[in-house]
J.: 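The structure's right below; bear with me while I get my questions together.
Read the numbers this way: they start at 1 and go in the same order the structure lists the ligands and their atoms.
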Amino acid sequence: MTVQPKTAVEPAVHAPPAEIAARAHADAARYAQMHARSVADPEGFWGEEGRRLDWMRPYTRVKNTSFGPGEVSIRWFEDGTLNVAANCIDRHLKDRAEQTAIIFEPDSPEEPAQHVSYAHLHAEVSRFANVLKALGVAKGDRVVIYLPMIPAAAYAMLACARIGAIHSVVFAGFSPDALADRINDCGARLVITADHAPRGGRTTALKSNCDKALRRCSDRVKLLMVARTGGQVDWLEGRDHAYEAMAAQAPADCPPVEVGAEDPLFILYTSGSTGKPKGVVHTSGGYLLYAAITHHYVFDYRDGDVYWCTADVGWVTGHSYIVYGPLANGATTVMFEGVPTYPDAGRFWQVCEKHRVTQFYTAPTAIRALMGKGAGPVEACDLSSLRILGSVGEPINPEAWNWYDETVGKGRCPIVDTWWQTETGGILIAPLPGATATKPGSATLPFFGVQPVVLDDQGHELDGPAEGVLAIKDSWPGQMRTIWQDHERFAQTYFEMFKGYYFSGDGCRRDADGYYWITGRVDDVINVSGHRMGTAEVESALVAHDKVAEAAVVGCPHPLKGQGIYCYVTLMDGVEPSDALRKELADWVRTEIGPIAKPDAIQWAPGLPKTRSGKIMRRILRKIAENETDALGDTSTLADPAVVEDLIANRVDA
Ligand code: PRX
């Protein structure tokens, strides 16, 4: 039921459909009661919920966390031991050995889908784990995974978990340089890749990218290659190993290793405001529990459902909501190798129809792109199996929300707009389908155990309806524990600015109903098609080009991507600006970082607006990129006001 707004500014409220509310894991009363308890008695709440997992040695201590003052330290279930792969596979064998765990839908619709049962998953993961052991990988070692969206990516992650090794998945769209940085930062002893990655009808030469990356890494790093296309690759004897040959020799049985709840499960690199990407560390017990419980409630997952999250395992969404959360719950999870528009704009809907998908979870950027293709491709498919629609990665604009609701969901599927971050491990703010009335564009209310607060610039908590920065007051089990080998940077990035809180880096508004509306990043991180990009990373790629003297990068509005990458570039003396050079620089950044970092606009800037002390005034650059040149704010501290006039006059469109 939709209640129309009373005024133009008040959004429509969509109550949970009665048939969903009647059957859901939680209705409004249960949500309220469980949330209240989770906050009042976290030990009791999580102590009970922790039993969702199978523990080898049960925990006696539930929560031991401090956001400071003093050392920031986050520990959950610290004296418990478990194995993550056993929780995602072995414990399901008794009841669901023949149930499908993973449905693999290849890039080309011509290639048949694969249904991997839990029994088969057990054999594949155990064999993979034995191959890792044969290559000398042991508990605590780091393994980088650079694979396409194929079942082997999940096997590799779970195989690491099975032997207690720490995986770091690197998105297959990242460049050799970005891959090398991550291999070196985490000190990986092995990188797992494929020959080639088919995607959208094209292929990326992953093995060749690894070859280039490994030239910048220690000789001790080994390479394990899975065959995806069977295409031609170069081979370095001694360093390179073929997975299939080794797997043929490996036993299909590998006992799961006992690890501590606080032993790292994975490292995932993500962009921050400054410096190189940070290695976000997630641990085994709390993370897995949090991924599982959020998947259960937010997607209202039930036996017999077919759940599809369209993310890539290279991002946290793929970790928590393709692999760990669903498999911990004994679910059937779809892995899709392709893109929404290949071979045509109906692909997502065709896959939903083909596999009778019940929960569909994607990003606003994809929704906007498909909305642009009209209702035709959606109407051509039978989407009657869909029950719940999810959104993640960036704020969803009400137009896209309404199209998703009406055209895809036919008004019968609750939309769960899920706000969270690589750092949070799982969803922190989202509606529960049977419990929460939704408003287009709002992530609504906190999940169990989560206490969001809106802070002013001084770090004071604001009451009632308010706008400010979004912080979280106390720990939840899925929270990141540290930055790999840089606990100091962890404490500084997230707990220093607003003492006693986890600072999200996002701005937000809370309305009179207590609903949260995320307004975007308040730091120098931009969100391009739901992918996080540090402006500093793009700047350092640009200045690495020999024709560039200086560069400043900001976000700008983009109709499909949410935000685009807008670059101000000062050239070296004597270098002439040209369209050819613009293209050269855009391609350069693409090669240095990866296609997701390709600039949308490059403006030649003879000078950058600086304060007298030499600091670039980014606020002004943002306003010019947003074409809000009437609202530049205070410019009195500018060293040279003429610079700004020039930039306004020569603004380019993204
Ligand atoms: O700005 C927020 C935005 O994405 C950032 C986190 O990016 P990442 O760590 O790559 O994780 C993305 C997937 C969880 C956040 O700081 N963001 C994510 N989800 C939403 C969102 N912004 C608004 N609404 C969302 N639902």
J.: With a 6.0 Å cut-off on ring centres, are H296 and Y301 close enough?
T.: no

J.: Listed by chain and number, what are the ring pair (Phe, Tyr, Trp, His ring centres under 6.0 Å) partners of W420, not counting sequence neighbours?
T.: Y321

J.: Got a list of side-chain donor-acceptor pairs under 3.5 Å for residues 494-503, not counting sequence neighbours?
T.:
{"from": "Y494", "atom 1": "OH", "to": "K278", "atom 2": "NZ", "distance (Å)": "3.3"}
{"from": "Y494", "atom 1": "OH", "to": "E423", "atom 2": "OE2", "distance (Å)": "2.7"}
{"from": "E496", "atom 1": "OE2", "to": "K499", "atom 2": "NZ", "distance (Å)": "3.3"}
{"from": "K499", "atom 1": "NZ", "to": "E496", "atom 2": "O", "distance (Å)": "3.1"}
{"from": "Y501", "atom 1": "OH", "to": "E461", "atom 2": "OE2", "distance (Å)": "2.6"}
{"from": "Y502", "atom 1": "OH", "to": "Q421", "atom 2": "OE1", "distance (Å)": "2.7"}

J.: For ligand 1, list all ligand N or O to protein N or O distances below 3.5 Å, rounded to 0.1 Å.
T.:
{"from": "ligand 1", "atom 1": "1 (O)", "to": "D506", "atom 2": "OD1", "distance (Å)": "2.7"}
{"from": "ligand 1", "atom 1": "1 (O)", "to": "D506", "atom 2": "OD2", "distance (Å)": "3.2"}
{"from": "ligand 1", "atom 1": "4 (O)", "to": "G393", "atom 2": "O", "distance (Å)": "3.2"}
{"from": "ligand 1", "atom 1": "4 (O)", "to": "N527", "atom 2": "ND2", "distance (Å)": "3.3"}
{"from": "ligand 1", "atom 1": "9 (O)", "to": "T422", "atom 2": "N", "distance (Å)": "2.8"}
{"from": "ligand 1", "atom 1": "9 (O)", "to": "T422", "atom 2": "OG1", "distance (Å)": "2.6"}
{"from": "ligand 1", "atom 1": "9 (O)", "to": "R532", "atom 2": "NH1", "distance (Å)": "2.8"}
{"from": "ligand 1", "atom 1": "16 (O)", "to": "Q421", "atom 2": "NE2", "distance (Å)": "2.9"}
{"from": "ligand 1", "atom 1": "16 (O)", "to": "D506", "atom 2": "OD1", "distance (Å)": "3.3"}
{"from": "ligand 1", "atom 1": "16 (O)", "to": "D506", "atom 2": "OD2", "distance (Å)": "2.7"}
{"from": "ligand 1", "atom 1": "16 (O)", "to": "R521", "atom 2": "NH1", "distance (Å)": "2.8"}
{"from": "ligand 1", "atom 1": "17 (N)", "to": "G393", "atom 2": "O", "distance (Å)": "3.3"}
{"from": "ligand 1", "atom 1": "19 (N)", "to": "G393", "atom 2": "N", "distance (Å)": "3.1"}
{"from": "ligand 1", "atom 1": "22 (N)", "to": "P395", "atom 2": "N", "distance (Å)": "3.4"}
{"from": "ligand 1", "atom 1": "24 (N)", "to": "E394", "atom 2": "O", "distance (Å)": "3.4"}
{"from": "ligand 1", "atom 1": "26 (N)", "to": "D417", "atom 2": "OD1", "distance (Å)": "2.8"}
{"from": "ligand 1", "atom 1": "26 (N)", "to": "T418", "atom 2": "O", "distance (Å)": "2.8"}

J.: Does the cation-pi check pass for R510 over Y515, that is, NZ or CZ under 6.0 Å from the six-membered ring centre and within 45° of its axis?
T.: no

J.: With a 4.5 Å cut-off on side-chain heavy atoms, are Y269 and V170 touching?
T.: no

J.: Name all residues meeting the side chain to side chain donor-acceptor pair (under 3.5 Å) criterion together with S475; count only those two or more places apart in sequence or in a different chain, and write none if there are none.
T.: W76, Q479

